[in-house]
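Below is one structure, written out as structure tokens; the observations come after it.
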Amino acid sequence: MRELAELLLDGRLLTAPESIEAYRRDFVPDPSAGMPCAVALCASAADVQASLRWATRHRVPVVTRGAGTGLSGGATAVDGCLVVSTAGMTDIRVDPDARVATCGAGALNASVKAAAARHGLFYPPDPGSFEISTIGGNIATNAGGLCCVKYGVTAAYVLGIEVVLADGTLLELGGRTVKNVAGLPLLPLFVGSEGTLGVITRAHLRLLPAPPPASTVVAVFPTMSRAGEAVVAIGRTVVTSMLELLDNRTINNVEDMRPSGLDRDAAALLLAQTDAAGSGRLEDAATIGRLCRDSGATELYSTDDLAEGDLFVDIRRSTGPAVERRGSLLPEDVGVPVDRLPQLLARIEEIAAELGVEIPVVAHAGDGNAHPTIVYDSDSEDRARVAFDRILRTAVDLGGTITGEHGVGRAKRPALESQIGSGALRISRLIKAALDPEGILNPGVLL
Ligand SMILES: Cc1cc2nc3c(=O)[nH]c(=O)nc-3n(C[C@H](O)[C@H](O)[C@H](O)COP(=O)(O)OP(=O)(O)OC[C@H]3O[C@@H](n4cnc5c(N)ncnc54)[C@H](O)[C@@H]3O)c2cc1C
């Protein structure tokens with residue numbers, strides 16, 4: 001430990017248990033989280049290299065951490081590990097003519113968005129945590145968000161990264177060019193690798209010209225399946241820049257926390273936005289409204305006012321804190337082909353009824369990506385875990401995925417093989433062994 005302390009600048013190595021405590025878990029309150037031996041607050045790629053060389057030399061497991069907002073236990077510490085924090089690497093530079101932002105792994109997503117906006121540019125990926133999560137964490141989980149339905153997930157915006165391997169080797173993958181097909185595509189391997197292949201220290205991110213302000217349509221449905229049908233119909237007809245769904249429990253959770261005049265009796269609420277250019281936006285909003293009515297919407301509201309639209313987006317973003325007040329949580333992140341969303345939603349309702357547990361659902365509905373959150377207390381914990389497994393199984397049975405955007409982490413690792421199969425798992429482990437032969441990077445996560 002003295003050796004490592006000498007490699008890092010003063011104060012960059014935390015060893016006191018009280019300062020380490022905050023680095024043991026991400027947003028998943030895992031009671032089995034271990035106690036790190038130390039936390040390295042890295043300020044540069046050189047700090048990360050020194051930390052990893054030390055960890056390799058002494059066979060110390062390494063848990064890489066951005067902001068710790070992960071929802072799958074990917075940054076949960078194991079006993080005796082070194083936590084490598086990249087949160088301090090926050091520099092951002094925007095090259096507006098190349099439409100590229102270059103930033104340290106610890107830059108917050110919101111800071112990159114703001115830096116791009118100062119040049120009239122737009123960094124689209126917008127996880128619900130965009131104000132508090134880091135670009136390094138976003139890349140390592142291939143984060144999605146609300147606008148992916150039109151703009152795609154983080155992977156679509158990562159042009160290049162700098163990454164440190166377990167033995168301290170620094171790799172530059174990709175660069176600042178929009179196109180780049182030289183060599184095997186190694187860069188995508190690291191996008192979504194959840195800290196198991198290397199530590200990302202820097203990224204070159206693709207920016208777009210800022211889109212025009214969006215029009216907003218809100219529709220209320222008497223059943224979840226009708227809302228699901230509307231999602232399918234809208235997806236076939238209009239390119240929405242947001243298509244989110246809140247179920248009845250979520251609506252009531254939000255109303256309990258911040259009364260907003262939502263219909264507490266509604267089975268489902270759809271929130272759609274379109275940011276098409278010119279008059280296309282108004283036409284698209286009218287089409288979305290018509291398709292919602294055709295699918296049985298009982299109430300419809302449409303606005304071109306940006307501030308009013310933002311109020312609804314704010315309501316959507318408050319669904320996380322609103323459900324946190326209900327009790328202990330098991331967050332899910334399943335995805336299905338969009339046409340099967342109604343079946344997924346119906347099955348989740350059945351599972352909640354069968355097991356007598358509360359499962360509010362919000363969904364990035366346009367992507368077929370649902371976040372059922374299982375609420376439990378000490379009496380219902382066992383049933384909650386059964387519900388968790390049944391929902392994962394349902395997604396796989398419907399041809400979907402156990403995780404659309406949060407990652408496998410520790411929470412869903414036992415279910416990975418049921419989705420990707422033993423062949424893909426074996427190849428993944430071979431790749432991991434080639435890059436991290438001692439297996440020190442995030443043991444127990446993902447693979
Ligand atoms: C309220 C709320 C809303 C959310 N909404 C969304 C959403 O809409 N969409 C979505 O996709 N996610 C969402 N999330 C989940 C979470 O914010 C994302 O997974 C985010 O990308 C994690 O970033 P982080 O900096 O907090 O990473 P952490 O939680 O610190 O780490 C996440 C994983 O990435 C690894 N990692 C972190 N930094 C690095 C690095 N520099 N190099 C290599 N590996 C690294 C860690 O080891 C871990 O496996 C939400 C979370 C919250 C709390």
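Atoms considered below: every heavy atom in the structure, side chains included; atoms not considered: hydrogens, waters and symmetry mates. Just follow the structure's listing: the first ligand is 1, and inside any ligand the first atom is 1.
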Exercise for the section: Show which atoms of ligand 1 fall inside a sub-4.0 Å distance from at least one heavy-atom site of Ala105. Expected result: 41 (N)

Exercise for the section: May I ask whether atom 1 (C) of ligand 1 is less than 4.0 Å from at least one protein heavy atom? Expected result: no

Handout entry: Gly136 neighbourhood, listing ligand 1 atoms whose heavy-atom distance to it stays under 4.0 Å
Key = 38 (N), 39 (C), 41 (N)

Handout entry: Heavy-atom proximity to atom 32 (C) of ligand 1, best of Thr141, Val48, Asn109
Key = Thr141

Exercise for the section: May I ask which of Thr69, Val28, Thr134 has a heavy atom nearer to atom 16 (C) of ligand 1 than the others do? Expected result: Thr69

Problem - Sub-6.0 Å ring centroid separation between Phe122 and Tyr151 - result: yes

Handout entry: Flag for Thr102-Asp95: side-chain donor and acceptor within less than 3.5 Å
Key = no

Handout entry: Polar contact flag for Gly128 and ligand 1 (N/O pairs, less than 3.5 Å)
Key = yes

Handout entry: For Ile200, atoms of ligand 1 separated by under 4.0 Å from a heavy atom
Key = 40 (C), 41 (N), 42 (N), 43 (C)

Problem - Residue Asn442 vicinity, atoms of ligand 1 by number, heavy atom under 4.0 Å - result: 47 (O), 49 (O)

Exercise for the section: Would you mind running through ligand 1 and noting each atom that sits below 4.0 Å from a heavy atom of Gly198? Expected result: 43 (C)

Practice task
Show which atoms of ligand 1 fall inside a sub-4.0 Å distance from at least one heavy-atom site of Gly145.
Solution key: 8 (O), 9 (N)

Practice task
Consider only side-chain N and O atoms of Gln273 and Ser241, and report whether a donor and an acceptor are under 3.5 Å apart.
Solution key: no

Handout entry: Close-contact set for ligand 1 against Ala143 heavy atoms, below 4.0 Å
Key = 11 (O), 21 (O)

Problem - Gly320 heavy atom under 4.0 Å from ligand 1 - result: no

Handout entry: Check: Asp333/Asn369 side-chain N/O donor and acceptor closer than 3.5 Å
Key = yes

Practice task
Answer with yes or no whether the side chains of Glu405 and His371 bring together a donor and an acceptor at under 3.5 Å.
Solution key: yes

Practice task
Identify which of Gly74, Ser133, Pro125 has a heavy atom lying nearest to atom 23 (O) of ligand 1.
Solution key: Ser133

Problem - Selected option - heavy-atom contact closest to atom 52 (C) of ligand 1, from Ala107, Ser129, Gly73, Gly66 - result: Ser129

Practice task
For the residue pair Thr394 and Asp397, confirm or rule out a side-chain donor-acceptor distance under 3.5 Å.
Solution key: no

Exercise for the section: Could you establish whether Leu71 and ligand 1 come within less than 4.0 Å of each other, counting only heavy atoms on the residue side? Expected result: yes

Handout entry: His364 heavy atom under 4.0 Å from ligand 1
Key = yes

Handout entry: Arg316-Thr319 side chain donor-acceptor pair, cut-off 3.5 Å
Key = yes

Problem - Protein heavy-atom partner closest to atom 11 (O) of ligand 1 - residue, atom, separation in Å - result: Gly144 N, 2.9 Å

Handout entry: Over 12 foreign heavy atoms within 6.0 Å of CZ, Arg93
Key = no

Practice task
Kindly indicate whether the side chain of Arg24, heavy atoms from C-beta on, has any atom under 4.5 Å from the side chain of Val78.
Solution key: no

Handout entry: For Phe27, the ligand 1 atoms whose distance to one of its heavy atoms is below 4.0 Å
Key = 53 (C)

Handout entry: Distance-only polar pair, side chains of Ser72 and His406, donor-acceptor under 3.5 Å
Key = no

Exercise for the section: Classify the side-chain pair Ser328/Glu381 by whether it contains a donor and acceptor separated by less than 3.5 Å. Expected result: no

